[in-house]
Amino acid sequence: MTTIPWWQDGVIYQIYPRSFADADGDGVGDLRGIIAHLDHLNDGTPNSMGVDAIWLSPVYPSPGYDFGYDVADYCNIDPLFGTLTDFDRLVAQAHRRGIRILMDMVVNHTSHEHPWFIESRASRENPKRDWYIWRDPASGGGLPNKWQSVFGGRAWEWDEGTGQHYYHMFLKEQPDLNWRNPDARRAVMQAFRFWLERGVDGFRLDVVNAYFKDAGLRDNPPKLGLRSYDRQAHVYDMDQPELIAVYRELNALLAEYGDRMAVGEIMEATHEMVARFSGPGRLPLAFNFDFTRQPWRAPAFRRAVARCEASLAEGGWPCYVLSNHDVPRHASRYGGRFAPQRAKVAAAMLLTLRGTPFLYYGEEIGMRNGRIRHHEIQDPPGKRYWPLYGGRDPERTPMPWSAEPGAGFTRGRPWLPLNEDYREVNVAAQRDDPHSVFSFYRQLIWLRRSSAALRHGSYRALAQAPRRAQVYLREAPGQMMLVTLNFSPRAVEVRLEEALPRAAWRLRLSTNAAAHECLHDGVVLLGPHEACILEAT
Ligand code: GLC
């Protein structure tokens, strides 16, 4: 029997630590807050979500220009979040509940306050000078090339002291490391080892396809786009062939520690890039962000799944995401007046497709984006591009645990405003309501946990054409599950194009409280916004 690695059939839950739970009352979430809520994530029973792992967005010391994605020390915890001792407790308490921990490794760049950069900047002769990407001005005093920063403006910053520019793909407070320097590369690998030694189970790799830039720093070809960054085709500032050797090195390191994993965030990810960078001999997993760009239409999602299934490299594994800390929450994207219904259908899809599902804190209660006024904006690109783009704060608002003041998130003043609807949309209000989004997530995940077909079975779309529904079969030796999803507010009937294998089909889960027959004579019958899962018996 082949064994399935835990990260292929597990459910992974992203925590944005600033916003999850604040134990010390300073308005910012912390590690002790997370520890206090581990039972919500998995207490071993269907009262809890039943997730297999947590991905922690960065908790390292950071001056916070990009809220932790600017790391000043890879081997410590920011006092805002706690201490290494708190971290060890988190790992131990999580492991006791069968929850694994993934660290967010942000190693394309550091903070400008990282000691490595402080040294590198000190003089041209400093041994760490070459750990970052320094260049003389072009002849005539111009910039070394035309590359632009993702967060706006040019990607080169002038350093008066040493008379050179350094490269930063993001903020000027986030200088890019030079992965071509063997000492820098070794130091980064040591940081991975530090956390593996502390017992973490894997890593989420920030902008993993940007580590290398073209050795000759050639200009990118122009293309159409709104922001200056979007007006270049990113041929030379990312996606370089040297990446594969780093992924191999990382795999070898992970293998030293057993069943550890890494999942890559590929910027501007296309299916082709996911296929190029993930699979055997490359990254174990890479996020597929296709769902974050789809309108709420069944054919759009069906095609996104078909594209993913068709493009994966041999031995590659899908990895689906609906929301994260960089994109508007899906309950807001799809929401409108049907938000809770659509949240359930979306969950049923995410958690029954072939692939590793990543959840984002709050989606289990159908949490929507918060409303952030101009003076409340914290996110640097939001400050720069408002009102064209308001930044990422709306998807990072505090987790509403209860209807009390502070939403059970904090005793103090939350670092971002609480969602206006927190008194209605919160964990406590949904816990005992059998029809809540939270109850549906729990049922779904525990059903998934018990089902080999849903966890790692094959995927086959059974109807290619319907405008309003998705119907697919998941099949593992000895088990078949039929998933039927109605994306519309009207009842639908879908005639299956292929005969279903002969079987009696038993209803395992439905969003529809009134039990009814979902399948009759090769026709799937679904109520408005119904998600329905059947098992062949
Ligand atoms: C990734 C992170 C994002 C961060 C950026 C720079 O895209 O997800 O939050 O701002 O990298 O580190």
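Computed over heavy atoms, backbone and side chain alike; hydrogens, waters and symmetry mates excluded. Note that ligands are numbered from 1 as they come in the structure, with each ligand's atoms numbered from 1 the same way.
- Pocket lining of ligand 1, defined as residues with a non-hydrogen atom under 4.0 Å away: Asp66, Tyr69, His109, Phe151, Phe170, Gln174, Arg204, Asp206, Val207, Glu265, His325, Asp326, Arg392, Arg396.
- Between Tyr13 and His40, the ring planes lie perpendicular to each other; the angle is over 60°, past the 30° to 60° tilted range.
- Aromatic ring pairs are classed by plane angle as parallel below 30°, tilted from 30° to 60° and perpendicular above 60°; the pair Trp55 and His325 is perpendicular.
- For an aromatic pair to be called close, the ring centres must be under 6.0 Å apart, and Phe194 with Tyr74 fails this.
- With a 6.0 Å cutoff to the six-membered ring centre and a 45° limit on the axis angle, Arg18 does not count as a cation-pi contact of Tyr69.
- Checked against the 6.0 Å centroid threshold, Phe151 and Phe170 count as a close aromatic pair.
- With rounding to the nearest 0.5 Å, the separation of CG in Leu177 from CZ in Phe117 is 10.0 Å.
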